[in-house]
Structures are given as structure tokens and as C-alpha cells.
Number of protein chains: 2
Amino acid sequence: MEAKEALHKFEDFLKKKTLRVTEPRKEVLVQAWKTHSHFTAEEMYDWVKDGGGKASRATVYRTLGLLVEGGFLAAIERGQGQVLYEHILGHRHHDHMICLGCSSILEFRNQEIEALQEQEAAQSGFHMVHHTLTLEGYCSSCWQKFRPELDE
Amino acid sequence: MEAKEALHKFEDFLKKKTLRVTEPRKEVLVQAWKTHSHFTAEEMYDWVKDGGGKASRATVYRTLGLLVEGGFLAAIERGQGQVLYEHILGHRHHDHMICLGCSSILEFRNQEIEALQEQEAAQSGFHMVHHTLTLEGYCSSCWQKFRPELDE
DNA sequence: ATTAATGCAAATGCTTTGCACGTGA
DNA sequence: TCACGTGCAAAGCATTTGCATTAAT
């Protein structure tokens with residue numbers, strides 16, 4: 001989805017919730033759409049600042065929360081309290097593989113797995129709102145590099 | 001697995017790594033085996049304290065890290081920097097459904113999903129070390145309770 | 001006897017909050 | 001207008017760390 005379209009939807013979202021369409025809020029959304037990769041709250045804060053925009057750290061955090069709530073961004077949790085965001089509107093759902101060596105993130109989709117999850121939830125009478133599937137390990141190049149010392 | 005057996009393995013693990021078998025370390029392991037549920041670092045600290053044992057908060061954190069490293073405990077990440085631990089040695093791997101209403105945790109196992117994950121990783125040349133699959137939603141009783149207001 | 005492990009308290013890092021001021025509806 | 005959103009700096013919270021002390025080997 002284009003940034004323009006996302007922005008439009010965000011404005012609709014805000015209006016529907018009787019929240020105000022403000023400069024800082026728009027700025028955060030626009031920046032989120034400028035990358036196709038994952039980012040942290042702190043990175044977002046830097047982008048807004050460097051982009052000449054106005055939004056304090058507090059507002060960045062508040063807005064990221066809103067964007068997740070509205071389904072514009074997904075928050076993916078890494079260990080150690082680290083949270084990464086990515087824009088998801090208009091993207092098909094996907095899951096992640098995270099490399100323990102270089103921290104790179106591979107995305108993958110698997111419809112079969114999704115279906116089995118739904119089935120698993122239904123069996124327990126559980127109403128799934130969303131899910132997270134993360135594989136941790138080593139990408140092929142890190143595996144080459146680290147394998148020897150991991151086997152010790 | 002019994003606490004006694006787990007303790008024995010933990011001592012072996014420490015010796016193999018030339019780490020010392022200390023009272024605080026043993027105390028944390030024993031407490032971890034006293035529950036069959038999930039717990040936080042803070043809860044562990046309280047248990048140790050109330051159990052008359054000795055282990056400062058710092059040592060609890062340090063020891064939990066060791067136990068995860070050794071495969072005695074699994075750390076499951078919830079949002080907001082909340083980390084839960086559970087003992088896994090001798091338990092088959094399982095995944096979680098977390099209720100957004102009452103925070104209860106259901107466990108499930110699905111061998112098909114596991115197999116598909118392996119397959120997915122292999123396809124990308126990714127060497128999976130472990131994975132986390134968490135479904136978030138509402139357990140059947142909370143769904144009854146909250147559904148009306150969620151539909152608003 | 002050594003040297004790692006511990007406890008304490010201070011430090012860290014990320015995130016949230018209180019409140020006076022600015023601003024969108 | 002005027003309530004809501006913002007910025008700032010302070011507060012929170014879970015976790016980590018430095019260092020003197022204690023205890024395992």
C-alpha cells in the first residue's frame with residue numbers, strides 16, 4: 001500500500017475514534033511507510049527528528065501504540081525487551097526467522113501452518129485475534145561461520 | 001522429570017562448564033520445579049525468599065539465564081517486556097495460547113505444525129535452534145464475557 | 001589459597017506519565 | 001472556544017552491572 005493511501009486510512013481511523021489528526025501523528029505514519037524493513041521506536045524518533053518533523057519521544061511511543069492498535073503496524077518482540085515494528089497494512093501476514101548471528105530477519109508465509117493454527121485454536125474454543133511465530137537460529141552464512149565453535 | 005533428577009542434571013551442567021554448584025543456584029532450580037506453571041523472575045525471587053533460601057534478585061536473574069542456556073527453562077516473551085519462565089526438561093515441546101482477557105495460558109502441541117516449520121527453515125537454508133509460536137486471543141469464557149463490547 | 005559467585009545498591013535502557021502549554025475540531 | 005494532544009523532564013520498571021565480601025573448589 002502506498003504511503004498516501006495508508007495516511008488516508010490512518011486519518012479515517014483517528015476520526016472514527018474521535019481522535020485528532022495531528023502533525024506528529026501523520027509524521028510518524030509517513031516515516032513508517034518510508035522503510036520496508038523493521039524499525040525500533042528509537043529509530044522512528046530519529047527519522048522524525050532528522051526529517052525536520054516534530055514529535056517528541058513520548059509522542060512517538062504514543063503514536064506507535066495507536067498504529068499497532070489500528071492494525072497499521074505489527075510489533076514483533078525480540079528477547080531482552082526489544083521491540084521491532086513493521087508496517088503491515090496491505091501486506092499479507094507473514095512470520096519471521098531471526099538469525100542469532102547477524103540479527104537479520106527473513107520473512108516467510110505458510111498457509112498450511114496458518115490453517116493448522118486456526119484449527120488448533122478452534123479445538124480449544126479459543127478465539128484467536130492474532131499470532132506470532134518466530135524461528136530462531138542461524139541464517140546460512142552465519143551457520144558456516146559459527147558452526148565450528150557451536151559444536152565445541 | 002522430578003526435581004531431584006533435574007537438580008542432578010543441573011549440577012552436571014555446572015560442572016561441565018566449570019561453574020560452581022552453589023546454594024543460591026540450587027535453590028532457584030528447586031523452586032522452578034515446585035510449580036508446574038509459568039512464573040516471572042520476580043515471583044521466583046519471592047519464592048526463594050519465602051522459602052527461607054538465600055538468593056538476591058541479581059542472583060535470581062543470573063541463574064534464570066543459566067537455566068535457560070542449559071535448556072532447563074524456557075523463556076516465553078509476552079508483550080510489554082514481560083518474560084515468563086517454565087521448566088521444560090523432560091517435557092515435550094509445546095506452544096501457547098494466551099488469553100487477552102484473563103491472561104490464562106493454554107498449552108498445545110501440534111506435530112504437523114512443527115514439521116512444517118522445519119521444512120520452511122530448511123527451504124531457506126536456515127538452521128533453526130528453536131521457535132516460539134504464540135496465539136493471542138480470548139479463551140472461551142472470556143469470549144462470552146467480552147464479545148459484546150469488542151464488537152462495538 | 002584461589003578465584004568465582006554473591007549481595008547490595010547504583011546504573012541502565014526502554015517506556016510511561018504528570019502537567020503546563022499549544023493546537024485541531 | 002476548549003478539550004485533546006504534545007513536549008518536557010521526571011518517574012517507573014525490569015534487568016544488569018561494579019565492587020567489596022563470601023564461599024566453593
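First the proteins, then the strands, lettered A, B, ... as listed; each starts at 1.
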### Task
Give a yes or no on this: more than 12 heavy atoms of other residues, nucleotides or ligands lie within 6.0 Å of atom NE2 of B:His8.
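Atom NE2 in B:His8 is not packed in, count stays at 12 or less.
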Would you mind reading off the distance between [X] atom [atom1] and [N] atom [atom2], rounded to a whole angstrom?
{"X": "A:Tyr85", "N": "C:dT15", "atom1": "OH", "atom2": "P", "result": "6 Å"}
{"X": "B:Leu64", "N": "D:dT15", "atom1": "CG", "atom2": "P", "result": "9 Å"}
{"X": "B:Glu42", "N": "D:dT16", "atom1": "CD", "atom2": "P", "result": "13 Å"}
{"X": "B:Leu19", "N": "D:dT25", "atom1": "CG", "atom2": "P", "result": "10 Å"}
{"X": "B:Glu11", "N": "D:dT25", "atom1": "CD", "atom2": "C1'", "result": "14 Å"}
{"X": "B:Arg62", "N": "D:dT16", "atom1": "CZ", "atom2": "P", "result": "10 Å"}
{"X": "A:Glu27", "N": "D:dG5", "atom1": "CD", "atom2": "P", "result": "18 Å"}

Think [X] has a side-chain N or O under 4.0 angstrom from the OP1 or OP2 of [N]?
{"X": "B:Thr22", "N": "C:dT6", "result": "yes"}
{"X": "A:Arg25", "N": "D:dG5", "result": "yes"}
{"X": "A:Tyr61", "N": "C:dT15", "result": "yes"}
{"X": "B:Ser56", "N": "C:dT6", "result": "no"}

#### Entry: Residue A:Val21, side-chain atoms from C-beta onward, closest of C:dG7, D:dG7, C:dA25
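Nearest listed nucleotide: C:dA25.
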### Message
Quick check for you: among C:dA25, C:dT6, D:dG7, whose closest atom lies nearest to any side-chain atom of A:Ala55?
### Response
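In terms of side-chain proximity for A:Ala55, the closest of C:dA25, C:dT6, D:dG7 is D:dG7.
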On a heavy-atom basis, which atom in [X] and which in [Y] lie closest, and how many Å separate them?
{"X": "A:Val48", "Y": "A:Val28", "value": "CG2-CG2, 4.3 Å"}
{"X": "B:Ala32", "Y": "B:Met44", "value": "N-CE, 3.5 Å"}
{"X": "A:Cys99", "Y": "A:Tyr138", "value": "SG-CA, 4.0 Å"}

#### Entry: Residue whose nearest DNA chain C nucleotide is more 5′ - B:Arg20 or B:Arg57
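Final value for this comparison: B:Arg20.
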